[in-house]
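Okay, structure first, notes after.
In this chain, numbering begins with 1 at the start of the sequence shown. Values in this document were obtained by computation on a predicted structure and should not be read as measured data.
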Amino acid sequence: MAIERTFSIIKPDAVAKNVIGKIVSRFESNGLKIVEMQLKQLSREEAEGFYAEHKERPFFGDLVEFMTSGPVVVQVLEGENAITLNRDLMGATNPQEAAEGTIRRDFAQSIDANAVHGSDSATSAEREIAYFFGK
Ligand code: IDP
């Protein structure tokens, strides 16, 4: 299996709940290395640009509002099969549908405040890493 890099965000709800460490620990104990990491407050422009593919969706305004409601942790994770592995560790978008033992099942409260973001493909990972950390 190939060593990949993926992009991850610990969202404002999880930062506010003081579970950054617990979430990072899930990554590390499952073989993902943190190779970039920054706590930051997203501007409206940054959040809108990041989620541009969802611009036409009815929840876009709420999503941008939520993602700028407090600091987030942006990070790059590296490891074997990192993109799929991270998605598996995160669980389904809606925490009520997320499998037991996943980050969203354990730390998220709703579909909009769902604790983490993770790239869904190699193309997204490349774009998202460059968006926050450059090439
Ligand atoms: P993902 O984060 O699991 O990849 P996406 O479909 O890419 O899910 O959606 C991006 C983010 O938009 C989700 O994580 C969630 O915060 C928000 N979102 C998705 N669908 C809904 C919805 O139906 N209502 C409110 N927020 C949503």
Side-chain angles (χ1 to χ4, degrees):
M1 254 181 275
I3 298 289
E4 292 176 338
R5 285 186 170 197
T6 191
F7 177 73
S8 163
I9 302 179
I10 301 176
K11 295 186 178 184
D13 57 317
V15 173
K17 278 167 75 176
N18 260 4
V19 291
I20 295 174
K22 286 185 176 158
I23 291 175
V24 168
S25 174
R26 298 279 176 104
F27 298 143
E28 292 185 324
S29 59
N30 285 281
L32 292 171
K33 226 175 220 332
I34 314 294
V35 295
E36 299 276 5
M37 180 178 242
Q38 189 187 0
L39 181 77
K40 72 180 277 159
Q41 172 67 49
L42 298 186
S43 67
R44 169 164 294 275
E45 292 68 34
E46 274 175 321
E48 285 175 350
F50 182 73
Y51 279 118
E53 66 179 299
H54 293 307
K55 209 167 52 215
E56 307 304 332
R57 309 282 286 276
F59 57 82
F60 183 70
D62 288 344
L63 177 60
V64 169
E65 199 65 41
F66 168 65
M67 290 301 289
T68 56
S69 65
V72 300
V73 178
V74 292
Q75 60 207 317
V76 178
L77 311 176
E78 183 181 88
E80 270 187 21
N81 214 11
I83 297 165
T84 305
L85 174 56
N86 181 42
R87 295 287 297 187
D88 290 348
L89 295 175
M90 288 163 55
T93 308
N94 184 346
Q96 273 152 16
E97 290 163 11
E100 243 166 82
T102 60
I103 294 169
R104 281 169 166 167
R105 176 67 171 257
D106 292 343
F107 301 116
Q109 50 253 325
S110 65
I111 192 165
D112 35 328
N114 62 1
V116 279
H117 165 84
S119 310
D120 62 4
S121 67
T123 310
S124 304
E126 195 177 346
R127 180 185 82 80
E128 293 171 0
I129 291 169
Y131 190 81
F132 283 104
F133 292 105
K135 288 281 168 198

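In this structure, Ile20 is not a member of the same hydrophobic cluster as Leu42, with clusters built from ILVMFWY side-chain heavy atoms closer than 4.5 Å. Hydrophobic cluster membership differs between Phe7 and Leu89, with clusters built from Ile, Leu, Val, Met, Phe, Trp and Tyr side chains linked at under 4.5 angstrom. Val15 and Val19 fall within a single hydrophobic cluster, where Ile, Leu, Val, Met, Phe, Trp and Tyr are joined by side-chain heavy atoms under 4.5 Å apart, directly or via other members. Follow the hydrophobic side-chain contacts under 4.5 Å out from Ile9 and you never reach Ile23; the two are in separate clusters. Under the 4.5 Å side-chain heavy-atom criterion for ILVMFWY residues, no single connected hydrophobic cluster contains both Val74 and Leu32.
In the displayed structure, Glu46 atom CD is contacted under 6.0 Å by more than 12 heavy atoms of other residues, nucleotides or ligands. Counting non-hydrogen atoms of neighbouring residues, nucleotides and ligands closer than 6.0 angstrom, the CD atom of Gln38 exceeds 12 such neighbours. Heavy atoms from other residues, nucleotides or ligands lying under 6.0 Å from NZ of Lys22 number 12 at most.
Put simply, the side chain of Ile3 reaches to within 4.5 Å of the side chain of Glu80, judged on heavy atoms. Considering only heavy atoms from C-beta on, Arg104 comes within 4.5 Å of Thr93 through its side chain. In this structure, Thr102 and Met90 have side chains that are not in contact, with every pair of non-hydrogen atoms separated by 4.5 Å or more. Side-chain contact between Asn86 and Val116 is absent, with no heavy atoms from C-beta onward closer than 4.5 Å. Put simply, the side chain of Asn94 does not reach to within 4.5 Å of the side chain of Asn114, judged on heavy atoms.
Glu128 is linked by a side-chain hydrogen bond (donor to acceptor under 3.5 Å, both in side chains) to His117, Ser119, counting only residues two or more places apart in sequence or in another chain. For Leu63, the side-chain contact (heavy atoms from CB on, under 4.5 Å) criterion is met by Tyr51, His54, Phe59, Met67, not counting sequence neighbours. Residues passing the side-chain contact (heavy atoms from CB on, under 4.5 Å) test with Asp62: none are found, sequence neighbours excluded. The ring-ring contact (aromatic ring centres under 6.0 Å, His included) search around Phe133 returns none, not counting sequence neighbours.
Between Asp13 and Ala108, the shortest heavy-atom distance links the atoms OD2-CA, 4.4 Å. Taking each heavy atom of Ala14 and Ala115 in turn, the nearest pair found is CB-O, 3.8 Å. Shortest non-hydrogen contact noted between Gly70 and Gln41 is C-OE1, 3.3 Å.
Applying the ring pair (Phe, Tyr, Trp, His ring centres under 6.0 Å) rule to pairs touching residues 84-115 yields nothing, sequence neighbours excluded. Sequence neighbours left out, not one pair with a member in residues 61-82 passes ring pair (Phe, Tyr, Trp, His ring centres under 6.0 Å).
Arg26 and Asp106 are joined by a salt bridge, as a carboxylate oxygen and a charged side-chain nitrogen come within less than 4.0 angstrom of each other. The existence of a salt bridge linking Arg105 and Glu97 is excluded, since no basic side-chain nitrogen approaches an acidic carboxylate oxygen closer than 4.0 Å.
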Check the pair Arg5, Leu77 against side chain to side chain contact (heavy atoms under 4.5 Å, CB included), reporting the backbone distance first and the verdict last. CA-CA 6 Å; Arg5 285 186 170 197; Leu77 311 176; over 6 Å; no

With side chain to side chain contact (heavy atoms under 4.5 Å, CB included) as the test, would you mind laying out the steps for Leu85 and Thr6 before giving the verdict? CA-CA 10 Å; Leu85 174 56; Thr6 191; over 6 Å; no

Carefully, step by step, assess Val76 and Phe132 under the rule side chain to side chain contact (heavy atoms under 4.5 Å, CB included). CA-CA 10 Å; Val76 178; Phe132 283 104; over 6 Å; no

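A donor-acceptor pair under 3.5 Å links the side-chain atoms of Arg127 to the main chain of Phe50, judged by distance alone. Glu78 contributes no side-chain N or O that, together with a main-chain N or O of Lys33, makes up a donor-acceptor pair within less than 3.5 Å.
For the atom pair Ser8 OG and Ile129 CD1, the distance stands at 10.5 Å (nearest 0.5 Å). Atom CZ of Arg44 is separated from atom OG1 of Thr68 by 5.5 Å, given to the nearest 0.5 angstrom. With rounding to the nearest 0.5 angstrom, the CZ atom of Arg87 is 13.5 Å from the CG atom of Asn81.
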